[in-house]
Enquirer: 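Have a look at this one.
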Amino acid sequence: MTNNQASFKQREAKWQKFWEEKGIFKTNPNPKRKYYVLVMYPYPSGDLHMGHVKNYVIGDVINRYRKMQGYDVLHPFGWDAFGLPAENAAIAHGIHPEKWTKENIEISKRNLKLMGIGYDWDAEVTTCEPDYYRWNQWLFLKFYERGLAYRKEAYVNWCPKCQTVLANEQVVEGHCYRSACAAPVEKKKLTQWFFKITEYAQRLLDGLDKLPHWPENVKTMQRNWIGRSEGVEVDFTLEHNGQKFPIFTTRPDTLYGVTFMALAPDAPLAETIAQGTKYEKEVSEFITRILKRPEIERIAVGTEKEGVFTGRYAINPVNGERVPIYIADFVLASYGTGMIMAVPAHDQRDFEFAKKYNIPIKVVINPPGENLRPETMTAAYVDEGIMVNSGQFNGLNNQEGIEKITDYLVAKGIGRRTVNYRLKDWLISRQRYWGTPIPMIHCERCGIVPVPEKDLPVLLPKDVKDYTPKGKSVLAGVESFINTTCPNCGGKAKRDPDTMDTFVDSSWYFFRYCDPKNDKLPFDPKKVNQWLPVDEYIGGIEHACGHLIFFRFFTKVLHDMGMVAVDEPCDYLWMIGMVKYKGAVMSSSKKHGVWVGPFVEEHGADVARLTMLFATPPEKEMDWSDELVTGVTRFIQRINRLYEENKNIIQNSEFEIQNLSEAERRLYIRLNQTIKKVITDTEAFQYNTAIAGLMEFLNDLYAFNDKKSQVFAFALNRFVLLLAPFAPHLAEELWHQIGNEKTIFLEPFPTYDEKATSFAEMTIPIQINGKLRSKLVVPVGTTEETIKKLAFEDKKVIEYTQGKTVTRIIYIPNKLLSIVTN
RNA sequence: GCCGAAGUGGCGGAACUGGGAGACGCAGCGGACUCAAAAUCCGCCACCCGAUUCGGGUGUGAGGGUUCGACUCCCUCCUUCGGCACCA
């Protein structure tokens, strides 16, 4: 071990212990100036790599910075402790998921402490503990009371490998979202629990406009995910039984061009429509075949559309035309009403389908000055045009036509203005063991009965022999758990065997942090309202359309319940770029990456922190390399050496600005500039340039000759404070070295004097015809006239303007002089 | 296909509101120290042309435009990345 290694190891351990013993990061229960710094809590995976801890380092910079500014900071941490990896480990190695999870938590926690990240561990939240998940169950019951939790039979996403259903947000390109699994997702008809997030679709959309500090890309992704679209629901009539069947369209202007209808294979009507026709057998075979196909295949780009005629017809309400009903694989049961009106002339999908099955094509919109003929068309015409073959609407521009036909449909009572969302209700039940039991009881006599609040928590049984999923929940086979009595009639009943999606846990954990020990409620509204909204939330972009929608949804529901004052959970959201190593994403399972333990052992936590902060802007992806480590290691060594060489410096040196030497004055100004830069950049989430500013100032300190100067001593004192949020161990060490006894993190962060952020002289570049030709150095406050006069005395300016006429002179105060000649 | 973001030296990156392009760091080159090497320190370091300190030209993906002046604003295009993707 080198001397250097010995010294930082000792130093870092010493101050980590010091902070813990002094309780520096304990939360003030009665905050006066609150600041809530939140990092997305992790799945406990054991040893942490730099990709894991980058978020936490950034959170800790904000934590320490705001603390030094005198805020009461809440900076908590917890564990998203339910989930499949624990269960899979149990299946593979026979370790109980709980044991596996808790061991991983201990290892991860040690790693976090090694990095010097200052959390209030008293507020730690672990979601697999009954004192947490009982409130999942409590919230589920509240959602149920409000009609926001319901059960229905539907085709759901089924992961054949995990043997469980998945939410839409957990299907990535047709595959299971878990990177360790990634099996193609299938459709399966099951009765499952849902949260009615669609009821909040409009509010979730509108709320985005009230989040000016959220990254634009996240808001755009959420808008697309919610997918609002305005249109009309038009009632078609089923010829064979006279029933009205509404369809959704955004193009009512093409209503006269409908030549067939298409029904989704998984729509409820699809099962029965062909009954009694000669097509019955063919239709049912088609449906079976289509639904067995993995979703990824079905939605793949370029897949040819397929369908089958049902033998049934619908009546178009605007012209009474009889149009055939098909079942078509490109129609989605989950969007609109599950059936569409098809207009081959003006929709490309309908066009392709019509061509394949020889269905007539009817033009109802002509391009300006042109007449389309169906037999010569090679693609649908989807642009603007003039309406034809559309009865009283002929001759209208189709945009106008949309309005006119909609008004007509509404007036006639055969259509309604409707908004449709792409967002679907959130499927939350999982057929897995390691999760929160759903607090519902199935009674043969009373039906579905909620577990009374007083009986919570419904404990997850621990004495389970076999965790292997077999298509239904493991809990269904645990006799002691599944058999119970009905709270209503007292008769024999069964518990719901499913557990909740772990995204339920993470939808409200940030409220629990405000009141982590409450055993009467998930949290006391008073305490939550003291801290919310979260001031800064730090995490990964992969949660843009999952967790970051769910936690907004929960916040709105809890707001409606009167439990939280805010309607949106967080003010600033920061998305952190991934850390790669040799071009590939760091991964625990693939053992690829840079690990906290060994790295800190060799280089120290401060080096690890600075490496990540200095490499790139935080939101950008970075590729970890030894070169990055070299730069910040030298920076730290240069700081060390400077303070070593100037051991005798005194703190809080006093001096009068007017008595300073020219060099001292310059150093003082550079100090003020640096303080301003560090503050501005830190608050703008630009740690790379904040650190660059510190490096520049360190270079100035080295270049400064009068080491006995009071200003120099003052600058050394301030520099340590500026460094503290980024390299806390080194800063604390130096702070004590220069004679302080209390922690640096209770010291006010430096402020700057705006008047002292610019030098007494300024440099004015001179442009001639847009090219930089010379520079003037003049005292600040030099008038425009003087500058112009000096400029025309300048050798270069004379040279370039000789024999030419100056046509224009532009002076930008204190910035630049621009001369234009002919 | 639709939506969004981004293209700057050998590399990571910087540039406030339209005003000195390349801060800071890495790598590289030259020098000091050393018997030597490492470490450290000092200096150079966008490209091209000419020279000796210096001078001139070009330059922020490509092309055009606005402007005294464009990495920054506008138009067209190219490339890369991310999201959505048969959404009626």
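Because the structure is a prediction, the values reported are computed rather than measured.
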Enquirer: Taking all non-hydrogen atoms of both residues into account, name the closest pair between A/Ala201 and A/Ile226 and its distance.
Expert: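 In terms of heavy atoms, the two residues are closest at O-CG2, 3.9 Å.
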Enquirer: Taking A/Gln170 for its side chain and A/Tyr177 for its backbone only, find out whether a donor-acceptor pair lies under 3.5 Å.
Expert: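 Not a single qualifying donor-acceptor pair exists.
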Enquirer: Tell me which nucleotide among B/C3, B/C68, B/A23 gets nearest to the side chain of A/Ala692.
Expert: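 In terms of side-chain proximity for A/Ala692, the closest of B/C3, B/C68, B/A23 is B/A23.
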Enquirer: May I ask you to verify if any side-chain N or O of A/Asn688 is less than 4.0 angstrom from the OP1 or OP2 atom of B/C24?
Expert: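 Negative; the distance criterion is not met.
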Enquirer: Quickly work out the A/Gln673 CD to B/A14 P distance and round it to whole Å.
Expert: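 So the CD-P distance, A/Gln673 to B/A14, works out to 20 Å.
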Enquirer: For the residue pair A/Trp426 and A/Phe550, categorise the inter-ring angle as parallel (less than 30°), tilted (30 to 60°) or perpendicular (more than 60°).
Expert: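 Parallel: the ring planes of A/Trp426 and A/Phe550 meet at under 30°.
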Enquirer: Closest to the A/Thr630 side chain: B/C26, B/G12, B/C41?
Expert: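 Output: B/C26.
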Enquirer: Base, sugar-phosphate, or nothing: which does A/Tyr421 touch, judged by heavy atoms less than 4.0 Å apart?
Expert: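 Nothing: the residue A/Tyr421, judged by heavy atoms under 4.0 Å, touches no strand.
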Enquirer: Who is the Watson-Crick or G-U wobble partner of B/C33, with both distances under 3.5 Å?
Expert: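 Partner of B/C33: none.
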Enquirer: Any side-chain N or O of A/Arg251 under 4.0 Å from OP1/OP2 of B/A88?
Expert: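 For A/Arg251, the contact criterion (side-chain N or O under 4.0 Å from OP1 or OP2 of B/A88) is not met.
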Enquirer: Just how far, in rounded Å, is C1' of B/A15 from CD of A/Glu696?
Expert: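 It is 12 Å, rounded to the nearest whole Å.
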Enquirer: Counting any heavy atom closer than 4.0 Å, what does A/Arg634 reach on the DNA or RNA strands: base, sugar-phosphate only, or nothing?
Expert: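 Sugar-phosphate only.
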Enquirer: Just how far, in rounded Å, is C1' of B/A6 from CD of A/Glu621?
Expert: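 The distance from CD of A/Glu621 to C1' of B/A6 comes to 13 Å, rounded to the nearest Å.
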Enquirer: At less than 4.0 Å, is any side-chain N or O atom of A/Arg808 found next to OP1 or OP2 of B/G69? Yes or no.
Expert: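 Checking B/G69 against A/Arg808, no side-chain N or O comes under 4.0 Å of OP1 or OP2.
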Enquirer: Please confirm whether the shortest side-chain N or O distance from A/Lys580 to OP1 or OP2 of B/C81 is below 4.0 Å.
Expert: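 It does not, given that no N or O in the side chain of A/Lys580 lies less than 4.0 Å from OP1 or OP2 of B/C81.
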Enquirer: Nearest-nucleotide wise, let me know which of A/Ala615 and A/Ile764 is further upstream toward the 5' end of RNA chain B.
Expert: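 The 5'-side residue here is A/Ala615.
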Enquirer: Is A/Tyr800 touching bases, backbone alone, or none of the nucleic acid, heavy atoms closer than 4.0 Å?
Expert: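 Sugar-phosphate: the residue A/Tyr800, judged by heavy atoms under 4.0 Å, touches backbone atoms but no base.
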Enquirer: If I pick the P atom on B/A36 and the same atom on B/G43, what distance separates them, to the nearest angstrom?
Expert: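 It comes out at 23 Å once rounded to the nearest Å.
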Enquirer: Any strand counts, and the cut-off is 3.5 Å on both contacts for Watson-Crick or G-U wobble. Which nucleotide pairs with B/G28?
Expert: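 B/G28 is paired, partner B/C44.
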Enquirer: Kindly determine whether A/Tyr256 and A/Glu321 satisfy side chain to side chain donor-acceptor pair (under 3.5 Å), including the steps that lead there.
Expert: CA-CA 9 Å; A/Tyr256 286 84; A/Glu321 272 178 27; over 6 Å; no
Enquirer: Check whether A/Gln222 reaches the backbone of A/Ala544 with its side chain - one donor and one acceptor, N or O, closer than 3.5 Å.
Expert: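 Confirmed, A/Gln222 side chain pairs with A/Ala544 backbone.
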Enquirer: Considering every strand and a 4.0 Å limit on heavy-atom distances, what is the contact class for A/Thr763: base, sugar-phosphate, or nothing?
Expert: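 A/Thr763: base contact, heavy atoms under 4.0 Å.
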Enquirer: Measure NZ/A/Lys356 against P/B/C86 and give the value in whole Å, please.
Expert: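 It is 17 Å, rounded to the nearest whole Å.
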Enquirer: Taking only the side-chain heavy atoms of A/Arg773 (C-beta and beyond), determine which of B/G57, B/G12, B/C86 contains the nearest atom.
Expert: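 The nucleotide sitting nearest to the side chain is B/G57.
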Enquirer: Give the nucleotide from the list B/C24, B/C86, B/G56 with an atom nearest to the side chain of A/Lys796.
Expert: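 For the A/Lys796 side chain, the nearest candidate turns out to be B/G56.
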Enquirer: Which one, B/A23, B/A15, B/C84, comes nearest to the side chain of A/Gln686?
Expert: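 The closest nucleotide is B/A15.
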Enquirer: How close or far is atom C1' of B/C24 from atom CD1 of A/Ile691, stated in whole angstroms?
Expert: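 To the nearest whole Å, that distance equals 11 Å.
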Enquirer: Can you work out whether A/Met622 or A/Asn224 has the more 5'-proximal nearest nucleotide on RNA chain B?
Expert: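 Its nucleotide being nearer the 5' end, the pick is A/Asn224.
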Enquirer: In the strands shown, is B/G69 matched to any nucleotide by a Watson-Crick or G-U wobble pair with both distances under 3.5 Å, and which?
Expert: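 Result: none.
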Enquirer: Using the P atoms only, state how far B/U60 lies from B/A5, rounded to an integer number of Å.
Expert: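 Rounded to whole Å, the distance is 23 Å.
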Enquirer: Please report the distance separating the C1' of B/G25 from the corresponding atom of B/G13, rounded so that it comes out in whole Å.
Expert: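 After rounding to an integer number of Å, I get 9 Å for this pair.
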Enquirer: Watson-Crick or G-U wobble partner for B/G63, using a 3.5 Å limit on both distances?
Expert: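 Here B/G63 is engaged in a pair, and the nucleotide opposite it is B/C75.
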Enquirer: Between B/U8 and B/G4, how far apart are the P atoms? Round to whole Å, please.
Expert: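 After rounding to an integer number of Å, I get 22 Å for this pair.
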Enquirer: Using the glycosidic torsion, which applies to B/G69: syn (within 90° of 0) or anti (everything else)?
Expert: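 Base orientation relative to the sugar is anti.
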Enquirer: Does A/Arg422 put a side-chain nitrogen or oxygen below 4.0 Å from OP1 or OP2 of B/A85?
Expert: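 Answer yes for this pair, as a side-chain N or O of A/Arg422 is under 4.0 Å from OP1 or OP2.
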Enquirer: What nucleotide, of B/C41, B/G19, B/A88, holds the atom closest to the side chain of A/Val331?
Expert: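 From the listed options, B/A88 comes nearest.
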Enquirer: Should A/Tyr335 be listed as having a side-chain N or O under 4.0 Å from OP1 or OP2 of B/A85?
Expert: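 So the side-chain polar atoms of A/Tyr335 never come under 4.0 Å of the phosphate oxygens OP1 or OP2 of B/A85.
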Enquirer: Which one, B/C41, B/A88, B/G25, comes nearest to the side chain of A/Arg638?
Expert: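 Of all the options, the side chain of A/Arg638 is nearest to B/C41.
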Enquirer: Using a 6.0 Å cut-off, check whether atom NZ of A/Lys244 has over 12 heavy atoms from anything other than its own residue.
Expert: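 At most 12 heavy atoms, drawn from other residues, nucleotides or ligands, come within 6.0 Å of this atom.
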Enquirer: More than 12 foreign heavy atoms under 6.0 Å from CG of A/Asp209: is that the case here?
Expert: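 It does: A/Asp209 CG has more than 12 such atoms within range.
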Enquirer: When you look at A/Glu754 and A/Lys676, which way does the salt bridge (charged side-chain N to carboxylate O under 4.0 Å, His left out) test go after all the steps?
Expert: CA-CA 8 Å; A/Glu754 183 64 48; A/Lys676 184 177 181 178; 3.1 Å; yes
Enquirer: Checking base pairs now: Watson-Crick or wobble, both atom distances under 3.5 Å. What partners B/C16?
Expert: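 Across all strands, not a single nucleotide pairs with B/C16.
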Enquirer: Output the rounded distance in Å from CG (A/Leu698) to P (B/U40).
Expert: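 Rounded to whole Å, this separation is 14 Å.
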Enquirer: Looking at A/Glu621 and A/Gly577, would you say the former's side chain and the latter's main chain have a donor-acceptor pair under 3.5 Å?
Expert: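 No.
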Enquirer: When you compare B/C44 with B/A27, how far apart are their C1' atoms, in angstrom units rounded to a whole number?
Expert: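 Roughly 14 Å separates the two C1' atoms.
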Enquirer: Which part of the nucleic acid, if any, lies within reach of A/Lys219 when heavy atoms closer than 4.0 Å are counted: base, sugar-phosphate only, or nothing?
Expert: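 Touches nothing.
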Enquirer: At under 4.0 Å, does any side-chain N or O of A/Thr807 touch on OP1 or OP2 of B/C68?
Expert: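 Looking at the OP1 and OP2 atoms of B/C68, neither is under 4.0 Å from any side-chain N or O of A/Thr807.
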Enquirer: Provide the Watson-Crick or G-U wobble partner of B/G55, both distances under 3.5 Å; none if there is no partner.
Expert: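 Its partner is B/C49 (Watson-Crick or G-U wobble, both distances under 3.5 Å).
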Enquirer: If you check the A/Thr220 side chain, which of B/G4, B/C84, B/C24 turns out closest?
Expert: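 Selected nucleotide (nearest to the side chain): B/G4.
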Enquirer: By nearest atom, which of the nucleotides B/A21, B/C68, B/A88 is closest to the A/Ile810 side chain?
Expert: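 Ranking B/A21, B/C68, B/A88 by closest atom to the A/Ile810 side chain puts B/C68 first.
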Enquirer: Can you tell me whether the side chain of A/Gln767 and the base of B/G19 have a donor-acceptor pair closer than 3.5 Å?
Expert: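 Yes, a donor-acceptor pair under 3.5 Å.
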Enquirer: For the pair A/Tyr357 and A/Phe353, name the ring-plane relationship: parallel under 30°, tilted 30 to 60°, perpendicular over 60°.
Expert: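 The arrangement is tilted - the two ring planes meet at 30° to 60°.
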Enquirer: Heavy atoms only, 4.0 Å cut-off, all strands: where does A/Asn699 land among base, sugar-phosphate and nothing?
Expert: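 Contact class for A/Asn699: sugar-phosphate only.
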Enquirer: Could you work out the separation of B/C78 and B/G64 based on their C1' atoms and round it to a whole Å?
Expert: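 It works out to 15 Å between them.
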Enquirer: Say you pick atom C1' in B/A88 and the same atom in B/A6; how far apart are they, in whole Å?
Expert: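 Approximately 33 Å lies between the C1' atom of B/A88 and that of B/A6.
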Enquirer: Figure out the CG/P separation between A/Leu610 and B/C26, and round it to whole Å.
Expert: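 About 13 Å, once rounded to whole Å.
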Enquirer: Taking the C1' atom of each, how far is B/C73 from B/U66, in whole Å?
Expert: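 These two C1' atoms come out 8 Å apart once rounded.
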Enquirer: Base, sugar-phosphate or nothing for A/Lys771? Non-hydrogen atoms, less than 4.0 Å.
Expert: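 Sugar-phosphate only.
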Enquirer: May I ask which nucleotide in the shown strands pairs with B/G1, Watson-Crick or G-U wobble, both distances under 3.5 Å?
Expert: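 Here B/G1 is engaged in a pair, and the nucleotide opposite it is B/C84.
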Enquirer: Name the closest nucleotide to the A/Asp329 side chain, picking from B/G19, B/A23, B/C86.
Expert: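 For the A/Asp329 side chain, the nearest candidate turns out to be B/C86.
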